[in-house]
S.K.: 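One structure, pasted below without further comment.
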Amino acid sequence: MEMSLAERVRITVAALMHATGQSQARLAGELGISQAQLSRRQAGSASWSLDDCDALAVHYGIEVLDLLAGPSRACEQLPHARRPARERQSANAPEGKR
């Protein structure tokens with residue numbers, strides 16, 4: 001069964017938060033919404049709007065179509081600078097040290 005676009009956005013936001021090490025409180029603050037609003041959107045009791053998707057894409061430095069494509073595509077498109085320091089360090093490590 002194919003997942004709905006709303007579910008795909010929720011899963012993608014969760015994956016991006018995980019990939020960047022962001023908490024709900026921090027992401028909410030950076031988007032200008034409350035943590036409770038973000039939590040409701042992630043729980044599915046409220047929806048992410050198209051304007052929210054635009055803001056999320058800008059926040060993460062990806063195209064909105066990459067956000068809507070799902071978690072794998074969105075995380076692959078994350079700019080190097082948006083990744084946690086530990087991931088950037090391992091990516092820059094010599095082949096034998098990874």
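Everything numeric here is computed off the predicted structure, so don't read it as measured data. Quick note: residue numbers are just sequence positions, from 1.
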S.K.: Go through L27 and T20 one step at a time and tell me if the side chain to side chain contact (heavy atoms under 4.5 Å, CB included) criterion holds.
M.R.: CA-CA 10 Å; L27 178 59; T20 59; over 6 Å; no

S.K.: Carefully, step by step, assess R83 and L78 under the rule side chain to side chain contact (heavy atoms under 4.5 Å, CB included).
M.R.: CA-CA 7 Å; R83 299 173 188 274; L78 270 176; 3.7 Å; yes

S.K.: So does S39 get a backbone contact from the side chain of Q42, meaning a donor-acceptor N/O pair under 3.5 Å?
M.R.: no

S.K.: For the residue pair L68 and C53, what are the closest heavy atoms and their distance?
M.R.: CD2-SG, 4.1 Å

S.K.: Is the shortest side-chain heavy-atom distance between H59 and L31 below 4.5 Å?
M.R.: yes

S.K.: Where is the tightest heavy-atom contact between P79 and G61, given as atom of each residue plus distance?
M.R.: CG-O, 3.4 Å

S.K.: Is the shortest distance from a Lys or Arg side-chain nitrogen in R10 or E7 to a carboxylate oxygen in the other one below 4.0 Å?
M.R.: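 Answer for the salt bridge query: yes.
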
S.K.: Before giving the answer on side chain to side chain contact (heavy atoms under 4.5 Å, CB included), spell out for R41 and I33 the whole-Å C-alpha distance, their side-chain angles and the decisive distance to 0.1 Å.
M.R.: CA-CA 11 Å; R41 290 173 184 159; I33 61 175; 3.1 Å; yes

S.K.: Considering all heavy atoms of both residues, which atom of P71 and which atom of T12 are nearest to each other, and what is their separation?
M.R.: N-OG1, 3.1 Å

S.K.: Linking I/L/V/M/F/W/Y whenever any side-chain heavy atoms sit under 4.5 Å apart, do M3 and L16 land together?
M.R.: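 M3 does not cluster with L16.
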
S.K.: Can you tell me if Q35 has over 12 outside heavy atoms packed within less than 6.0 Å of its CD?
M.R.: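 Count over threshold, so yes.
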
S.K.: Do W48 and L5 have side chains that get closer than 4.5 Å, going by heavy atoms?
M.R.: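 Counting from C-beta outward, W48 and L5 never come under 4.5 Å.
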
S.K.: Just do the side chain to side chain contact (heavy atoms under 4.5 Å, CB included) check on Q77 and R82 with the steps written out, would you?
M.R.: CA-CA 10 Å; Q77 298 304 311; R82 294 288 299 152; over 6 Å; no

S.K.: Identify the heavy atoms of L38 and A28 that sit nearest to each other, and give their distance.
M.R.: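 Nearest heavy atoms, L38 then A28: CD1-N, 3.7 Å.
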
S.K.: Taking the side chain as C-beta and beyond, is there a heavy-atom pair between Q24 and M17 under 4.5 Å?
M.R.: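 Counting from C-beta outward, Q24 and M17 do come under 4.5 Å.
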
S.K.: I'd like to know if the side chain of D54 and the backbone of D51 have a donor-acceptor N/O pair within less than 3.5 Å.
M.R.: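 No, because the side chain of D54 does not come within donor-acceptor range (under 3.5 Å) of the backbone of D51.
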
S.K.: Rounded to the nearest 0.5 Å, how far does CD of E63 lie from CZ of R73?
M.R.: 9.5 Å

